[in-house]
Amino acid sequence: MIEYAIHYAYVAISLGLLFNLWRLFAGPSTTDRVLAVDTMVINVIALIIVYGIQTGSTMYFEAALLLAMFGFVSTVAYCKFILRGNIIE
Amino acid sequence: MAWFNELLVSALIVIGASFALVGSWGLVRLPDLMSRLHAPTKATTLGVGGALVASMVYFLAGNGTLSVHELLITLFLFLTAPLTAHFLAKAWMHSQRPGDLPQPAQRGWSTFDAGEAEREAASDQPRPPPLSDACGSSASPPPASPSSP
């Protein structure tokens, strides 16, 4: 049963990634694109966790945690760049 | 009991993946950015949250030990999701023209107040010295006065 659920999760999250990619290319403003990248990072974290369940290994949580931190820092840096034209003043 | 664990993990994975899909679909579907900011909040809270609780239950049933990594990721994501949404909204508001935003009832948007206060303070006082001069002398430079010796 878990195998079917994991395959459904792969399909659903990949479809979500495609939607995010569409918003990344079509988004009218720069902020839309940053939001799309942020959502893509969140979806990839979910994908990594589901893959960790499938392989039965706890090694992937470190990768998910690192990706969560990188996603937050990069989103804040992008927003700061849009706001001020500079990241570290 | 193993059957119940399997059912619980499968249900949590399906719920999480469905909410991630709904959040991403909302990012495509909703009309403007302020509405679109709601969509990743769903993806974070229920999508990743469902997958993390599923993996916690799975490894608790498989190994018999409670792993805390999932709780760390959940805590981090739940802390940072409102921050990124607020920062994105602020960046979007500052990139709009002043007439495009709806006017609040009592007073203006508070995110524009700091800029106005800075501009008023800058117009009242003379310009402070550049930062490169102040860095070498002391850690906290005194405020600039027009009659300095």
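Labels below follow one simple rule: chain letters A, B, ... track the order of the sequence lines, proteins then strands, and each chain is numbered from 1.
For A/Leu15, the parts lying under 4.5 angstrom from a heavy atom of chain B are both the backbone and the side chain. Of the atoms belonging to A/Ile42, heavy atoms from both backbone and side chain fall under 4.5 Å from chain B. Heavy atoms of A/Glu62 lying under 4.5 Å from chain B belong exclusively to its side chain.
For the ring-ring contact (aromatic ring centres under 6.0 Å, His included) test, no residue two or more places apart in sequence or in another chain qualifies with A/Trp22.
Heavy-atom pairs under 4.5 Å with chain B were tallied for A/Val11, A/Asn20, A/Ile45; the largest tally goes to A/Asn20. Note: A/Met1 leads A/Met40, A/Met1, A/Met69, A/Arg84 in heavy-atom pairs under 4.5 Å with chain B. Heavy-atom pairs under 4.5 Å with chain B were tallied for A/Ile82, A/Val50, A/Ile2, A/Thr39; the largest tally goes to A/Ile2. In terms of non-hydrogen atom pairs under 4.5 Å with chain A, the most contact-rich of B/Arg29, B/His94, B/Glu70 is B/Glu70. Of the listed residues (A/Ser14, A/Ala64, A/Ala9), the greatest number of heavy-atom pairs within a distance under 4.5 Å of chain B belongs to A/Ala9. Ranked by heavy-atom pairs shorter than 4.5 Å toward chain B, the options A/Val76, A/Asp32, A/Ile13 are led by A/Asp32.
Between B/Phe76 and A/Phe72, the two ring planes are perpendicular [angle over 60°; tilted spans 30° to 60°].
Applying the side-chain hydrogen bond (donor to acceptor under 3.5 Å, both in side chains) definition to pairs two or more places apart or across chains, those involving residues 69-80 of chain A are A/Asp38-A/Thr75.
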- Message: Determine whether B/Ser18 and A/Tyr8 satisfy the following criterion, side chain to side chain contact (heavy atoms under 4.5 Å, CB included), listing intermediate values before the conclusion.
- Response: CA-CA 9 Å; B/Ser18 303; A/Tyr8 170 77; 2.9 Å; yes
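Considering only heavy atoms from C-beta on, B/Ser24 stays 4.5 Å or farther from A/Leu17 through its side chain. Within the 4.5 Å cutoff, the side chain of A/Leu83 has heavy atoms near those of the B/Phe87 side chain. In this structure, the side chains of A/Thr30 and B/Ser95 stay at 4.5 Å or more apart for every pair of heavy atoms.
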